[in-house]
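These notes are about the structure you will find just below.
Numbers here simply count residues along the sequence, with the first being 1.
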Amino acid sequence: MVRNAADGRSDGGAAPGRYHHLIEHVQDAVVEFELVDGDPIVTDVNRAFVEVFGYSADEIAGESLNEWVVPGWKLSEAEQLDSNTASGEVNYKQVTRETANGLREFLYRGVPYAGCEESDAAVEGGFAVYTDLTEVSRNERRLEVLNRILRHNLRNNANIVAGHTTRLLAELDEQTAESTSVAATIERAAHELERLAEEAGHIRRILDHPADEPTDIDPAPMVLSVADEHRERAPNAAVEVDIDDPGQVMADTRLRYAVDSLVDNAIEHNPNPQPRVRVRIAKADEAPDEASGEWVAIHVEDDGPRIPADERDVILDGSQITPTHHGSGLGLWLTELTVETFGGALSFGESDLGGNDVSIRLRRR
């Protein structure tokens, strides 16, 4: 790094380059500055700043930081942050700043020199630390657009397909077994698209609201409610509930998404005319730690065909996600992301019913 600190400071200021070794080894872009009449004047920068902003150390040393990196329409915001620094306050704000290659978004932290809180005198300088959030922010916006458009279009077009298929079938002069079968296949595909749109919405809600602090929930009432709903939706299915180990677990009401999705999958992907599903709450076997009884498992068992190994592997990160290897739907992804939010674990086994045993392990509260 090229050292570009000023030769001196006003009385009471830190010596030039005092923090040089520290900021040089910080991976974020860092600027050390003096406050001169409230304006941050650059005294030192690290390599990361030069790489991210594209301004050489020789160019920016001794210059106003705001004149180099703050867009004109953001100047009042930057001046307020500088004022906060001058009063000894640490600033945190997501900001837009100008680089040699255009605008980028950063998490800005303005850190005043230490010791100022013990005096009424204004702070004479500090540090500006910039964490580049540009790609994260852009990806979030892109995903939001895709999520809204895809969910809206999937749902609307699925409704159109299902509705028109029914109308076409009704207007046929002669309904053959083949035409009825074709119509039924189209309707099933349309309903599957609707379900994907609904699951995508649930996933979005899970990702938008991570569990910041542990909360409590008794899963038993929720499991009973989910079972009742599926009995109404699929009267041909036998949905049983077995609660061996009631009590509170570390989760919240979003746990319902995961259990509902597993029960739905167990019914929808079972070719038996009368599919059987059992939802069981029990003490977890082979708990992830040595403390016996610390974990509870919610098992969703069925008598259908086993979930393919590649589907299980990709969900549990045992296999790389590729365009041809990513799972056939969102249901298991919804479950995995939900369980992950609560610090739990998802596992796959074989049920004594002859099919799958997909279990959600959660820590007992």
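Not a single salt bridge (charged side-chain N to carboxylate O under 4.0 Å, His left out) links E67 to another residue, sequence neighbours left out. Applying the side-chain contact (heavy atoms from CB on, under 4.5 Å) rule to P246 yields the partners I243; only residues at least two apart in sequence or on another chain are considered. In this structure, the salt bridge (charged side-chain N to carboxylate O under 4.0 Å, His left out) partners of D132, at least two apart in sequence or on a different chain, are R104. Partners of D352 by salt bridge (charged side-chain N to carboxylate O under 4.0 Å, His left out), not counting sequence neighbours, listed by chain and number: R278. Partners of A100 by side-chain contact (heavy atoms from CB on, under 4.5 Å), not counting sequence neighbours, listed by chain and number: Y55. The side chain to side chain donor-acceptor pair (under 3.5 Å) search around N66 returns D82, not counting sequence neighbours. Every residue meeting the salt bridge (charged side-chain N to carboxylate O under 4.0 Å, His left out) condition with E350, not counting sequence neighbours, appears here in chain and number order: R306. Considering only residues two or more places apart in sequence or on other chains, D39 meets the side chain to side chain donor-acceptor pair (under 3.5 Å) condition with S64. Listed by chain and number, the residues in a side chain to side chain donor-acceptor pair (under 3.5 Å) with N270 are N272, D303 (sequence neighbours excluded). Taking the side-chain contact (heavy atoms from CB on, under 4.5 Å) definition, one finds that E79 meets it with L75, sequence neighbours left out. Every residue meeting the side chain to side chain donor-acceptor pair (under 3.5 Å) condition with R109, not counting sequence neighbours, appears here in chain and number order: D28, T131. Residues passing the side-chain contact (heavy atoms from CB on, under 4.5 Å) test with E63 are W68, sequence neighbours excluded.
Looking at heavy atoms from C-beta onward, I360 lies out of side-chain contact with F342 at the 4.5 angstrom threshold. At least one side-chain heavy atom of Q248 sits under 4.5 Å from a side-chain heavy atom of D218. Residues D264 and R233 form a side-chain contact, since some pair of their non-hydrogen atoms from C-beta on lies under 4.5 Å apart. Put simply, the side chain of F106 does not reach to within 4.5 Å of the side chain of V69, judged on heavy atoms. Taking the side chain as every heavy atom from C-beta outward, D244 and K283 never approach each other to under 4.5 Å. Annotation: side chain of V90 is in contact with side chain of P112 (closest heavy-atom distance under 4.5 Å). With a 4.5 Å cut-off on side-chain heavy atoms, Q94 and L133 count as touching. Looking only at side-chain heavy atoms (C-beta outward), Y130 and V52 stay at 4.5 Å or farther from each other.
Looking at E311, its side chain never comes within 3.5 Å of a backbone N or O of P308 through a donor-acceptor pair. A donor-acceptor pair under 3.5 Å links the side-chain atoms of R312 to the main chain of I307, judged by distance alone. A side-chain donor-acceptor contact under 3.5 Å links N236 to the backbone of P273. The backbone N or O of V358 lies less than 3.5 Å from no partner atom in the side chain of N356, so there is not a single donor-acceptor pair. No donor-acceptor pair closer than 3.5 Å links the side chain of D252 to the backbone N or O of T215.
With I298 as reference, L255 is the one residue of L255, V339, L262 to meet the side chain to side chain contact (heavy atoms under 4.5 Å, CB included) rule. Checking R231, R280, R276 one by one against E240, the salt bridge (Lys or Arg N to Asp or Glu O under 4.0 Å) holds for a single residue, R276.
V36 and F33 sit in two unconnected hydrophobic clusters of ILVMFWY residues. Membership requires side-chain heavy atoms under 4.5 Å apart, directly or through other members. Hydrophobic cluster membership is shared by V241 and V249, with clusters built from Ile, Leu, Val, Met, Phe, Trp and Tyr side chains linked at under 4.5 angstrom. By the rule that hydrophobic residues join a cluster once side-chain heavy atoms approach within less than 4.5 Å of another member, I281 and F348 end up as members of one cluster.
Minimum heavy-atom separation, T134 to E105: OG1-N, 3.0 Å. Minimum heavy-atom separation, S347 to S359: OG-OG, 2.5 Å. Residue L362 comes nearest to A251 through the heavy atom pair CD1-CB, 4.3 Å, listed as atom of the first residue, atom of the second, then distance. Of all the heavy atoms in A227 and V239, the pair that sits closest is CB-CG1, 3.8 Å. Scanning all heavy atoms of the two residues, the minimum distance from V300 to V279 falls at CG2-CG1, 4.4 Å. Residue E59 comes nearest to G54 through the heavy atom pair OE1-O, 4.4 Å, listed as atom of the first residue, atom of the second, then distance.
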- request: Evaluate the criterion side chain to side chain contact (heavy atoms under 4.5 Å, CB included) for residue pair K93 and Q80; output intermediate values, then yes/no.
  value: CA-CA 11 Å; K93 188 175 182 61; Q80 181 59 55; over 6 Å; no
- request: Test E124 against E34 for side chain to side chain contact (heavy atoms under 4.5 Å, CB included), laying out the working first.
  value: CA-CA 6 Å; E124 296 185 352; E34 286 184 320; over 6 Å; no
query: Does the salt bridge (Lys or Arg N to Asp or Glu O under 4.0 Å) test come out yes or no for E77 and R97, once each step is laid out?
result: CA-CA 11 Å; E77 172 193 83; R97 290 295 179 259; 3.5 Å; yes
- request: Test side chain to side chain contact (heavy atoms under 4.5 Å, CB included) on V259 and M222 and set out the steps.
  value: CA-CA 9 Å; V259 177; M222 177 266 298; 4.0 Å; yes
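In this structure, the separation between CD on E336 and OG on S261 is 12.0 Å, given to the nearest 0.5 Å. Expressed to the nearest 0.5 Å, how far CE of M250 lies from CD1 of I217 amounts to 13.0 Å. Interatomic distance, CG of D44 versus CZ of F127, reported as 8.5 Å (0.5 Å rounding). The distance from the OH atom of Y257 to the OG1 atom of T341 is 11.5 Å, given to the nearest 0.5 Å.
E32 and Y113 are linked by a side-chain donor-acceptor pair at a separation below 3.5 angstrom, with hydrogens and angles left out of the test. Neither side chain, S351 nor D302, offers a donor N or O lying under 3.5 Å from an acceptor on the other.
Ion pair R47/E51 not flagged as a salt bridge, since none of the NZ, NE, NH1 or NH2 atoms sits closer than 4.0 Å to an Asp/Glu carboxylate oxygen.
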